[in-house]
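Naming: A, B, ... by sequence-line order, numbering from 1 per chain.
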Amino acid sequence: MSREVRVRFAPSPTGPLHIGGVRTALYNYLFAKKNQGRFILRIEDTDQARYVAGAEEYIRESLDWLGITPDESPWNPGDVGPYRQSERKPDYMQYALDLVKKGHAYYAFDTAEELDAMRERLTAARVVQPQYNSITRTQMKNSLTLSAEEVKARLESGEPYVIRVKIPRKEEVRLNDLIRGWVMVHSSTLDDKVLMKSDGMPTYHLANIVDDHLMAITHVIRGEEWLPSAPLHVLLYKFFGWEETMPEFAHLPLLLKPDGNGKLSKRDGDRLGFPVFPIDWNNQSTGETAIGFREQGYLPDALLNFLAFLGWNPGDERELFTKEELVEAFTIERIGKAGAKFDIAKAKWYNEHYLRNTPIEELAKFVQADAKLDGFELSEEKAAAIVRLTKDRVTFSAELWKESQFLVLAPQKFDEQVASKKWNTDAVKVLGNYAERLDVFTGQFDAETAKTLLGESAEAVEVKLGKVMQAVRLAVTGAGAGPDLMEIFAILGQEEVAKRIRFAMENLEVTS
RNA sequence: GGUCCGUUCGUCUAGGGGUUAGGACGCAUCCCUUUCACGGAUGAAACACGGGUUCGAUUCCCGUACGGACUACCA
């Protein structure tokens, strides 16, 4: 069997894409590219009640931002469309009817109240698992218990109905999961799931089988939450007679809360202060914005690298992979079985690494843009200088500007702790001398000469330079810590440095 | 409750019948240094438990415990 590899990512447009979904998309993408296959996006919008406007566009933008754009999608269809399930609505009924004809499915007319009553009755009778199955269906209102005439009459009268799958009473269902190996389930534990809802839409179970078949999907890579219903899906392939082309399954381990137990949720992000969505999402009904990795300052490649390693590893000790390298190294065999806790500290580490490897000019643009928001026009050179000074010290690109404002704004206040410890007569002597030197210096003022001059000042007043460096820093930047001071001087220029020193000498009191 | 899935440092994980159980993040210490950070070095830190198989089990098998997913006319 040498079919072209075709995988799909099939989210429902019910809100922002969860980061776990993003990882599923990533694994699908990586698998497709590794095998020269196609990565397909299918929108599963069969639940009309839960449809959220804007969710589709959100999915599209998120995948584009991450650089895992689908080869086929509603916006870039291939020739196996439609790529939105709602648009295939008329087809599903035909397939469901085909199953009814073959005796693998049946009409059911039970109302919600009748269903509830059945469950209550079963619970009261201490039946361990109240469900619509091979036993209980004999007591319900469906085309298995009703006469053909009555079924016909009900259908013709327009009475609402669903179509349920008829699960065989005794059958061992086996499926070979690419990650977990053979999984065996007895059909007696399965229930007669609804295939067609009374609104004429299919349920996920029917739609995903029909679509995967029509779209020639070869591998279904999805979250572990689907594992329990996978046996039903296998049965459906069999009922349709599509066993030959049934895709292979790979059920991914879940993304877990960083602390405690359970699946990672939006709440965890809010509670612990990190994003769980790829990009910002504005909830139109509540007016709240859910923060995204993009807006938080994460680089797409860093996020991808981080996500790839949550549940997968290449088998050697490398951890830093570009998207292309991930594609090259990726195999389903190396996906782990156990759920992975979401550790934002590692994500930050990845981001720091990628930030450091981003070209200066690129980051300079961020700085220019951020500065502009604060009302400062920065030249390219100045922005680049800021980046050079700061990029090894920050986690996100937004901090580049935030951490460097002292280069544009002279300090009005000075760190009191540092002042009380380091501001002394020695420091004032050196600084006074230095300011005078700066006034008359006519050469090229760069980091090196700035330092030489400072050294000369220290020598002139007989003070060890090392003892007053922090005071010098305090005078010029207002803080006790920061990037290389002499580089800062070079950027500021001798005039500004002298001015700041004098301001500090006037405003700081010598306490020791 | 039932079905299914899982369990190696705090976290992500490698490994696999005999290993000093390896790496990364985080943490600590030291070095570098005008500070902070970067970088470098070092360190603390793990095979859930009980049986069995075996000369030997963290590794294989069976239980137990714990955790998770699912159990809708939602996906």
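In this structure, A:H251 atom NE2 and B:rC5 atom P are separated by 12 Å, rounded to whole Å. Between A:Q470 atom CD and B:rU35 atom C1' there is a gap of 5 Å when expressed in whole angstrom units. Following rounding to the nearest Å, A:N305 (CG) and B:rC12 (C1') show an atom-to-atom distance of 12 Å. To the nearest angstrom, C1' of B:rA14 lies 14 Å from CZ of A:R318. Distance A:F489 CZ to B:rU34 P: 14 Å, rounded to the nearest Å. One can place CH2 of A:W312 at 11 Å from P of B:rA14, the figure rounded to the nearest angstrom. Rounded to whole Å, the distance from CG on A:L400 to C1' on B:rC38 is 14 Å. Atoms CG (A:D177) and C1' (B:rU3) sit 16 Å apart, rounded to a whole Å.
Residue contacts for A:R222: at a heavy-atom cut-off of 4.0 Å it reaches no nucleic acid atom on any strand shown. Among the atoms of the strands shown, none is found under 4.0 Å from any heavy atom of A:G466. Residue contacts for A:G311: at a heavy-atom cut-off of 4.0 Å it reaches the sugar-phosphate backbone alone, with no base atom in range.
If you take atom P in B:rU53 and the same atom in B:rA69, they sit 37 Å apart, rounded to whole Å. With both ends at atom C1', the span from B:rA57 to B:rG50 equals 14 Å, rounded to whole Å. Rounded to whole Å, the C1' atom of B:rA44 lies 24 Å from the corresponding atom of B:rU7. Look at the C1' atom in both B:rU58 and B:rC47: the space between them is 4 Å, to the nearest Å. Between B:rC66 and B:rC73, the distance separating the two P atoms is 31 Å to the nearest Å. Comparing B:rC30 with B:rA48, their P atoms are spaced 35 Å from each other, to the whole Å. B:rG15 and B:rU8 are spaced 14 Å apart, taking the P atom of each and rounding to whole Å. The same atom, P, is picked in B:rG68 and in B:rC61; the two are 25 Å apart, to the nearest Å.
In terms of the ring-ring contact (aromatic ring centres under 6.0 Å, His included) criterion, A:Y51 has no residue partners (sequence neighbours excluded). Every salt bridge (charged side-chain N to carboxylate O under 4.0 Å, His left out) that A:R356 has, sequence neighbours left out, goes to A:E352. In this structure, the side chain to side chain contact (heavy atoms under 4.5 Å, CB included) partners of A:S404, at least two apart in sequence or on a different chain, are A:I386, A:T390, A:L407. Listed by chain and number, the residues in a ring-ring contact (aromatic ring centres under 6.0 Å, His included) with A:Y237 amount to none (sequence neighbours excluded). Every side-chain hydrogen bond (donor to acceptor under 3.5 Å, both in side chains) that A:K141 has, sequence neighbours left out, goes to A:E114. The ring-ring contact (aromatic ring centres under 6.0 Å, His included) test applied to A:W226 returns A:Y204, not counting sequence neighbours. Qualifying ring-ring contact (aromatic ring centres under 6.0 Å, His included) partners for A:F342, counting only residues two or more places apart in sequence or in other chains: A:F274, A:F306.
The partner of B:rG50, taking Watson-Crick or G-U wobble pairs whose two distances both stay under 3.5 Å, is B:rC62. Pairing for B:rG16 is absent, judged as Watson-Crick or G-U wobble with the two contacts each under 3.5 Å. Nucleotide B:rA28 is matched to B:rU42 when pairs are restricted to Watson-Crick or G-U wobble geometry with both distances under 3.5 angstrom. For B:rG67, the paired nucleotide is B:rC5, the pair qualifying as Watson-Crick or G-U wobble because both relevant distances are below 3.5 Å. The partner of B:rA21 is absent, by the rule that a Watson-Crick or G-U pair needs both atom distances under 3.5 Å. In this entry B:rU34 has no Watson-Crick or G-U wobble partner, no candidate having both defining distances under 3.5 Å.
Listed by residue number, the members of residues 341-350 of chain A with any heavy atom below 4.0 angstrom from RNA chain B are A:K341, A:D343, A:A345, A:K346, A:W349.
The cationic group of A:R154 lies under 6.0 Å from the six-membered ring centre of A:F109 and within 45° of the ring axis, placing it in a cation-pi geometry.
Within 6.0 Å of CD on A:E159 lie more than 12 heavy atoms contributed by other residues, nucleotides or ligands.
Residue A:R473 has its side chain nearest to B:rU34 when only B:rG6, B:rC12, B:rU34 are considered. Nearest to the side chain of A:R180, among B:rC5, B:rA14, B:rU34, sits B:rC5.
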Polar atom pairs between nucleotides 57-60 of chain B and protein, under 3.5 Å, N or O only, would you list them?
none

Check the interface with nucleotides 20-22 of chain B: list each N/O to N/O pair with the protein under 3.5 Å, or write none.
unit_1	atom_1	unit_2	atom_2	d
B:rG22	O2'	A:E317	OE2	2.9

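Side-chain polar atoms of A:D45 and A:S86 form a donor-acceptor pair below 3.5 angstrom. A:D110 and A:Y132 share a donor-acceptor pair across their side chains, judged by distance under 3.5 Å alone. A donor-acceptor pair shorter than 3.5 Å cannot be found between the side chains of A:R50 and A:T14.
Remark: side-chain polar atoms of A:T477 are not paired, donor with acceptor, to backbone N or O of A:L474 under 3.5 angstrom.
Between A:Y298 and A:F293, the two ring planes are perpendicular [angle over 60°; tilted spans 30° to 60°].
Residue pairs satisfying the side chain to side chain donor-acceptor pair (under 3.5 Å) criterion with at least one member in residues 333-348 of chain A, sequence neighbours excluded, are listed as follows: A:N313-A:R334.
Residue A:R356 places at least one side-chain N or O closer than 4.0 Å to OP1 or OP2 of B:rG39.
Checked for salt-bridge contact, A:K89 and A:D91 miss the test: no charged N lies under 4.0 Å from a carboxylate O. Classification of A:K467 and A:D426 as a salt-bridged pair fails, no side-chain N sitting under 4.0 Å from a carboxylate O.
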**Fill in**
Whether each nucleotide of nucleotides 68-75 of chain B has a protein heavy atom under 4.0 Å at its base (B), only at its sugar-phosphate (S) or at neither (-) is summarised, 5' to 3', as SSS--BBB
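The nearest heavy atom of RNA chain B to A:G336 and to A:V394 marks one nucleotide each, and the one closer to the 5' end goes with A:G336. Sequence order on RNA chain B of the closest nucleotides to A:E487 and A:P258 puts A:P258 first from the 5' end.
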